[in-house]
Number of protein chains: 2
Amino acid sequence: MTSKQEFIEKLRNSSLRPTKQRINICEVLFNRDKTFHFTINDLFKLIKDKTGEKVSLATVYNTVHAFHKKGYLKEIPINSNQTYFDTNVTDHHHFFDVKEEKLIDLKNEDVGPIEIQKSIPGKKIKSVEVLVKLED
Amino acid sequence: MTSKQEFIEKLRNSSLRPTKQRINICEVLFNRDKTFHFTINDLFKLIKDKTGEKVSLATVYNTVHAFHKKGYLKEIPINSNQTYFDTNVTDHHHFFDVKEEKLIDLKNEDVGPIEIQKSIPGKKIKSVEVLVKLED
DNA sequence: TTCGTTGTTTATAATTATTCTAAAGAAGAT
DNA sequence: ATCTTCTTTAGAATAATTATAAACAACGAA
Ligand SMILES: [Mn+2]
Ligand SMILES: [Mn+2]
Ligand SMILES: [Zn+2]
Ligand SMILES: [Zn+2]
């Protein structure tokens, strides 16, 4: 499998040694066609389901945070009891289906350019994110 | 004081009896010129500081949630260890100063109209919020 | 007013996501 | 192979939030 080399590269770039556990995490995170929105708990369960091997919760947290810090994962700002992450690290916005507690990507063209007309002295803009909440 | 009557009205509208504790909470929340962004913990401390009387944390949580449910408070979607609320319940967007952990209002005209071009069958838009993260 | 009812406050316990710890194990360098 | 450094893991610690239940206060009818 060619993807394993990519996983190892991602891990090394994040200053992480490529261990069996971390490869399994990568398998679930990055071996996909579409973007993946998840909580740590989602990921934790999926690792067991998809790889058949259990990885400790602490390792899942540590690895996700390292990837997030390196920019391989994006954190989505929602008020939920759990933190949501996204494998799509490009600039993009989201629908949040409040009932289903599911995130859906919005393409930038679905929202249009957003120009912030105000500025705060000494501060610069780090990110601009739109969250569209959906109800039935 | 004329504002006390408004507090009582807000409480009644939220199906809450006007107690001394809740009036004190209202005093801190609503007796202001500018919008107020806060966490429960901010509010809890401010009540003691501003009114000299202690209100239990449970009461602060309960009252804030009742006001939120009724629409007298807005919850701001940020990933933080604590939930942020806002006394400005109009549609508006925010800067979030990541270092200072402070919210700043953006007027709608500072952002411009946002048109969402995508729709999800069976769902309608409940809110559209922009969060602009600031760094030094 | 007084009394009964219903709602409220509070200390404290429970819950839960996340982070920390430290011991045992694995990876990498020589 | 050996040594060093990093990693995994179970379990403990932390911290925000929610639940509990007993003492107390607001309300409305009598
Ligand atoms: Mn993070
Ligand atoms: Mn709430
Ligand atoms: Zn996304
Ligand atoms: Zn605001």
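Excluded from the calculations below are hydrogen atoms, water molecules and symmetry mates; all remaining heavy atoms, backbone and side chain alike, are included. Below, chain A is the first sequence line, B the second, and so on; all start at residue 1.
Residue-level contact check: B:Thr19 touches the backbone only, with heavy atoms under 4.0 Å from sugar-phosphate atoms and none from bases. Within the nucleic acid shown, A:Thr83 comes within 4.0 Å of sugar-phosphate atoms alone, with no base atom in reach, counting heavy atoms only.
For A:Ile25 and D:dT8, the CD1 to P distance is 7 Å, given to the nearest whole Å. Separating the NE2 atom of B:His68 from the P atom of D:dT17 is a distance of 13 Å, rounded to the nearest angstrom. In this structure, A:Glu75 places its CD atom 16 Å from P of C:dA17, rounding to the nearest Å. Here the C1' atom of nucleotide D:dA15 and the CZ atom of B:Phe44 are 14 Å apart, to the nearest Å. Distance CZ (A:Phe38) to P (C:dT18): 11 Å, rounded to an integer number of Å. Rounded to whole Å, atom C1' of D:dT17 lies 10 Å from atom CZ of B:Phe85. To the nearest angstrom, P of D:dA26 lies 13 Å from CG of B:Leu11. As a whole-Å value, the separation of A:Asn62 CG from D:dT7 C1' is 9 Å.
Side-chain N/O atoms of A:Arg22 include one lying less than 4.0 angstrom from OP1 or OP2 on D:dT8. Listed pair A:Gln21 / C:dA26 fails the phosphate criterion, with no side-chain N or O lying under 4.0 Å from OP1 or OP2. Regarding contacts with the backbone of C:dA11, a side-chain N or O of B:Lys54 is found under 4.0 angstrom from either OP1 or OP2. Phosphate contact (OP1/OP2 of C:dG28, side-chain N/O of A:Arg12, threshold under 4.0 Å): present. The phosphate of C:dT19 has neither OP1 nor OP2 within less than 4.0 Å of any side-chain N or O from A:Tyr61.
For A:Arg17, the listed nucleotide lying nearest its side chain is D:dC6; candidates were D:dA10, D:dT17, D:dC6. For A:Pro18, whose side chain is taken as the heavy atoms from C-beta onward, the closest listed nucleotide among C:dT10, C:dG28, C:dT8 is C:dG28. Of all nucleotides listed (C:dT8, C:dG28, D:dT18), D:dT18 comes nearest to the side chain of B:His65. Among the nucleotides C:dT18, D:dA10, C:dT8, the one closest to any side-chain atom of A:Ile40 is C:dT18. Of all nucleotides listed (D:dT8, C:dT10, D:dA16), D:dA16 comes nearest to the side chain of B:Gln82.
Checking side-chain atoms of B:Ser3 against main-chain N and O of B:Asn31 turns up no donor-acceptor pair under 3.5 Å.
In this structure, B:Leu57 and B:Ser15 both approach DNA chain C, and ranking their closest nucleotides by distance from the 5' end singles out B:Ser15. Each of A:Thr59 and B:Ala58 has a nearest nucleotide on DNA chain D; the 5'-most of these lies closest to A:Thr59.
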Determine whether B:Tyr84 and B:Glu75 satisfy the following criterion, side chain to side chain contact (heavy atoms under 4.5 Å, CB included), listing intermediate values before the conclusion. CA-CA 6 Å; B:Tyr84 279 79; B:Glu75 193 179 352; over 6 Å; no

Checking A:Gln21 against A:Glu53 for the side chain to side chain contact (heavy atoms under 4.5 Å, CB included) test, could you report, in this order, the C-alpha distance in whole Å, the side-chain angles of both residues, the deciding distance, and whether it holds? CA-CA 8 Å; A:Gln21 290 89 339; A:Glu53 298 174 50; over 6 Å; no

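When base pairs are accepted only as Watson-Crick or G-U wobble with both N-N or N-O distances under 3.5 Å, DNA chain C takes part in stems of 3 or more pairs at C:1-30 with D:1-30.
Interatomic distance, CG of B:Leu103 versus CZ of B:Phe95, reported as 11.5 Å (0.5 Å rounding).
Note on B:Lys124 versus A:Asp136: no salt bridge recorded, every NZ/NE/NH1/NH2 to OD/OE distance being 4.0 Å or above. For the pair A:Glu27 and A:Arg32, the salt-bridge criterion is not met [side-chain N within less than 4.0 Å of a carboxylate O].
Under the side-chain hydrogen bond (donor to acceptor under 3.5 Å, both in side chains) test applied with A:His37, the options A:Lys74, A:His94, A:Lys102 reduce to a single match, A:His94.
Counting heavy-atom neighbours within 6.0 Å of A:Lys118 NZ, excluding the residue itself, gives a total above 12.
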